[in-house]
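Since we're looking at a predicted model, the values are computed, not measured. What you see below is based on every heavy atom in this structure, not just the backbone, and it leaves out hydrogens, waters and symmetry mates.
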Amino acid sequence: MRGRIYGIKKSKILSAMLLLFLIIYFVFIALNVIFFKEYRTLWFYVFCLLVGLFEILKGRFFKLDSAFYLGAGLFLTGAGGGVSILSATEAFLSIYVLLAWVTASVLSCIICGQRFHLVIAYSLFFVLIFQLLQKLNLISFSISIAICLSFLLLLVVSALVSFLKRLK
């Protein structure tokens with residue numbers, strides 16, 4: 001049957017995974033309060049990791065590309081945020097988050113076959129480049145915002161053109 005894995009319903013497997021992830025999360029919060037006091041925001045990135053993993057599983061079990069995209073983005077955001085905290089590069093957190101969503105867009109295109117995610121990945125990649133240049137003080141903040149807004153406008157126009165072509 002399609003709704004079962006080794007005779008167990010997929011929804012039951014997801015419920016068990018949710019319970020396991022909740023237990024892991026509460027244990028981690030207790031450990032974070034007791035032992036890892038200097039990493040005050042690490043709990044959030046562990047939350048992103050676990051919710052992302054749950055959404056990836058849900059997306060693959062039920063063939064939901066939106067759940068897979070959200071899960072991949074959250075999972076990679078959690079991983080990037082954890083790396084930025086543990087490696088003391090919190091100034092580059094926005095770079096890690098943008099890189100996570102670019103990678104999630106590319107993975108969603110490859111695994112789920114949604115080509116629109118390549119447009120999103122392309123746009124986010126250029127925002128990532130200009131954000132990195134701004135973080136390295138190679139361009140000013142206002143130039144970075146102007147360039148990012150132009151890419152946002154390009155994304156909106158390409159989406160409108162694609163939508164209008166489908167109406168014909």
Legend entry - Modelled atom types, side-chain donor and acceptor of Ser108 and Gln114, under 3.5 Å: no
Inset, instruction - Flag the pair Leu49 / Tyr25 as yes when at least one side-chain heavy-atom distance between them is below 4.5 Å, and no otherwise. - result: no
Inset, instruction - Find the distance between CD1 (Ile85) and OG1 (Thr41) and round it off to the nearest 0.5 Å. - result: 3.0 Å
Inset, instruction - Identify whether Val156 and Val127 are in the same connected component of the hydrophobic contact network (ILVMFWY, side-chain heavy atoms under 4.5 Å). - result: no
Legend entry - For Leu124 against Ser105, the heavy-atom pair lying closest together: CD1-OG, 4.4 Å
Inset, instruction - Using the rule that two of Ile, Leu, Val, Met, Phe, Trp, Tyr join whenever any of their side-chain heavy atoms come within less than 4.5 Å, decide whether Leu149 and Val157 are in one cluster. - result: no
Inset, instruction - Keeping to residues at least two apart or across chains, list the salt bridge (Lys or Arg N to Asp or Glu O under 4.0 Å) pairs with something in residues 35-56. - result: Glu55-Lys58
Inset, instruction - Apply side chain to side chain donor-acceptor pair (under 3.5 Å) to Asn32 and list each qualifying residue two or more places apart in sequence or on a separate chain. - result: none
Inset, instruction - Could you grab the distance from atom SG of Cys148 to atom CD1 of Ile143, nearest 0.5 Å is fine? - result: 12.0 Å
Legend entry - Joint hydrophobic cluster, Val51 plus Phe26, side-chain heavy atoms closer than 4.5 Å: yes
Legend entry - Rounded distance [0.5 Å steps], CG in Leu132 versus CG in Leu99: 10.0 Å
Legend entry - Hphob cluster co-occupancy, Leu164 + Phe116, side-chain heavy atoms under 4.5 angstrom: no
Legend entry - Pairwise distance CD1(Ile29) to CG(Leu42) - rounded to 0.5 angstrom: 11.0 Å
Legend entry - Donor-acceptor contact below 3.5 Å, side chain Lys135 vs main chain Phe92: no
Legend entry - Interatomic spacing from CG in Leu136 to CD in Gln131 - rounded to 0.5 Å: 10.0 Å
Inset, instruction - Please report the shortest heavy-atom distance between Phe61 and Lys10, naming the atom on each side. - result: O-NZ, 2.9 Å
Inset, instruction - Using modelled atom types only, decide if a donor and an acceptor are shared between the side chain of Ser87 and the backbone of Val83 within a distance under 3.5 Å. - result: yes
Inset, instruction - Using the rule that two of Ile, Leu, Val, Met, Phe, Trp, Tyr join whenever any of their side-chain heavy atoms come within less than 4.5 Å, decide whether Val27 and Leu53 are in one cluster. - result: yes
Inset, instruction - Determine the interplanar angle of the Phe36 and Tyr39 rings, folded into 0 to 90°, and report it as parallel if under 30°, tilted if 30 to 60°, perpendicular if over 60°. - result: tilted
Inset, instruction - Quick one: pull up CG in Leu152 and CD1 in Ile147 and give me the separation to the nearest 0.5 Å. - result: 14.0 Å
Inset, instruction - Looking only at non-hydrogen atoms, find the nearest pair between Ile56 and Ala72 and report the distance. - result: CG1-N, 3.6 Å
Legend entry - Tyr96 ring center within less than 6.0 Å of Trp101 ring center: no
